[in-house]
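Each chain gets a letter, A, B and so on, in the order the sequences are listed, and its residues count up from 1.
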Amino acid sequence: MLVLTRKKGESIMVGDNIEVKVLEVHAGQVKLGLQAPNDIPVHRKEVYEAIQRETRAAAAAPPSAEDISRIFRKRAEENE
Amino acid sequence: MKIQTLRFGEIEVQPAQVFEMVRPLIGFPDTSFALISDEGTAPVQWLQSLTTPHLCLPLADPLAIMPGFDIEIPREECSMLELERAPTEQETGEQVTGDNPNHSTAQLFHPSTVLIRAIVVLDPEPRNIRVNLKAPVVFNVVNQKAIQIVADNPDLPVKYYIFAQNPEQEGFRLQATGHRKKDRIRT
């Protein structure tokens with residue numbers, strides 16, 4: 001892993017069009033500003049991983065999903 | 001066209017069911033999917049990959065699960081889906097507040113244009129059945145483009161257990177008294 005030291009207000013460039021800027025450093029927290037093209041999504045890593053895990057779990061739905069969907073329908077109707 | 005699927009076998013997909021992900025789902029490279037409404041599993045729908053037979057995701061209307069559900073669609077995603085949004089109150093005179101003045105909530109869009117579906121984990125154990133309200137898929141049904149968005153809103157959990165007795169225990173706050181405009185994007 002490349003390690004760089006930056007001060008508040010300084011940036012690093014990743015490639016030609018991704019900029020990561022240190023906006024604030026305070027009490028063990030770093031506030032970063034990110035500028036990246038629209039097709040480069042930026043996520044907090046733990047959120048990214050949680051979403052990916054959930055989608056994998058969703059893709060593993062059992063073959064007999066009909067029964068489960070029925071439970072789901074009941075719940076949706078309760079919310080009507 | 002005919003496609004091979006693990007769940008449904010070989011099925012016929014109508015052109016109107018096909019959606020292109022303008023950015024892949026997080027962690028899945030497939031970009032072509034069919035949105036399948038199966039009577040046997042309603043209200044759960046399915047997002048079936050056209051290229052990976054075993055990739056099929058259950059979907060549900062988040063409004064049916066969480067009354068008052070709303071989510072902001074960032075401007076970038078709006079433009080990737082070619083969605084025109086209505087101006088917000090802020091833009092019509094009031095001062096813009098918050099970190100993301102460029103966001104539009106889902107309810108600004110007409111239901112005949114925008115469909116929002118949350119990915120569902122259909123666990124055999126009902127207590128484990130959950131929906132991902134944080135990262136739903138937004139469909140533009142007119143141009144058949146779709147994208148997964150990630151909500152900034154910390155009230156929207158990745159795991160929303162639909163049978164949880166104490167949703168607070170799952171690490172989120174449920175705003176039961178939130179604005180209730182479900183009729184506007186109800187489909």
Side-chain angles (χ1 to χ4, degrees), chain A residues 8-9 11 14-80, chain B residues 6-7 22-28 38-47 49 52 54-61 63-68 74-77 79-80 118-126 128-132 134-135 137 147-152 157-159 162-163 182:
Chain A
K8 180 180 168 182
S11 289
V14 181
D16 292 331
N17 40 24
I18 299 175
E19 181 177 2
V20 184
K21 187 172 186 175
V22 179
L23 300 178
E24 203 177 294
V25 184
H26 178 69
Q29 282 199 322
V30 182
K31 192 182 264 186
L32 300 173
L34 281 116
Q35 197 132 46
N38 293 345
D39 57 338
I40 310 264
V42 177
H43 303 290
R44 292 175 178 86
K45 186 176 179 182
E46 67 277 13
V47 172
Y48 176 93
E49 289 175 336
I51 292 168
Q52 187 177 27
R53 267 199 309 274
E54 276 303 275
T55 309
R56 289 220 172 103
S64 60
E66 285 80 0
D67 296 342
I68 302 168
S69 298
R70 215 163 289 138
I71 298 170
F72 206 91
R73 179 160 56 223
K74 189 164 168 286
R75 175 63 180 184
E77 282 164 1
E78 283 167 14
N79 277 334
E80 284 293 320
Chain B
L6 185 67
R7 178 168 297 279
V22 293
R23 184 174 68 207
L25 293 167
I26 289 177
F28 293 83
D38 179 38
E39 270 183 31
T41 64
V44 173
Q45 294 170 290
W46 302 89
L47 192 60
S49 165
T52 309
H54 61 264
L55 180 53
C56 188
L57 300 169
L59 302 178
D61 179 358
L63 266 174
I65 305 308
M66 185 197 209
R75 175 168 283 176
E76 292 79 18
E77 275 83 351
S79 106
M80 290 169 87
I119 297 171
V120 182
V121 177
L122 287 177
D123 195 283
E125 168 57 59
N128 293 334
I129 297 179
R130 56 194 189 260
V131 283
N132 182 348
K134 190 171 187 68
V137 182
I147 197 167
Q148 184 175 32
I149 62 172
V150 179
D152 282 335
V158 173
K159 295 182 181 185
I162 68 171
F163 294 115
K182 61 192 290 185

Q | Part of A:Arg56 within contact of chain B (heavy atom distance under 4.5 Å) | A | both

(Q) For A:Gln29, I'd like to know if atom CD has over 12 heavy atoms of other residues, nucleotides or ligands within 6.0 Å. (A) no

(Q) Minimum heavy-atom separation for A:Pro41 and B:Arg23, please, with both atom names. (A) CG-CD, 3.6 Å

Q: Under 4.5 Å heavy-atom distance to chain A, tell me which part of B:Val131 shows up: side chain, backbone, both or neither.
A: side chain

(Q) Within the supplied structure, the quantity of interest is the number of heavy atoms (other residues, nucleotides, ligands) at a distance under 6.0 Å from A:Glu49 CD; does it exceed 12? (A) yes

Q: Indicate the atoms forming the closest heavy-atom contact of A:Ile51 with B:Ala135, along with that distance.
A: CD1-CB, 3.6 Å

Q. Among B:Val158, B:Ile119, B:Val120, whose side chain to side chain contact (heavy atoms under 4.5 Å, CB included) with A:Glu54 holds?
A. B:Val158

Q.
Which heavy atom of B:Pro58 sits nearest to which heavy atom of A:Ala58, and what is that distance?
A. CD-O, 3.2 Å

Q | Enclosure of A:Asn17 CG (heavy-atom neighbours >12, cutoff 6.0 Å) | A | yes

Q: With a 4.5 Å cut-off on heavy-atom pairs, point out which of B:Gln148, B:Glu77, B:Arg130 contacts chain A the most.
A: B:Arg130

Q: Evaluate side-chain contact (heavy atoms from CB on, under 4.5 Å) for A:Thr55 paired with B:Ile26, printing each intermediate quantity in order.
A: CA-CA 8 Å; A:Thr55 309; B:Ile26 289 177; 5.8 Å; no

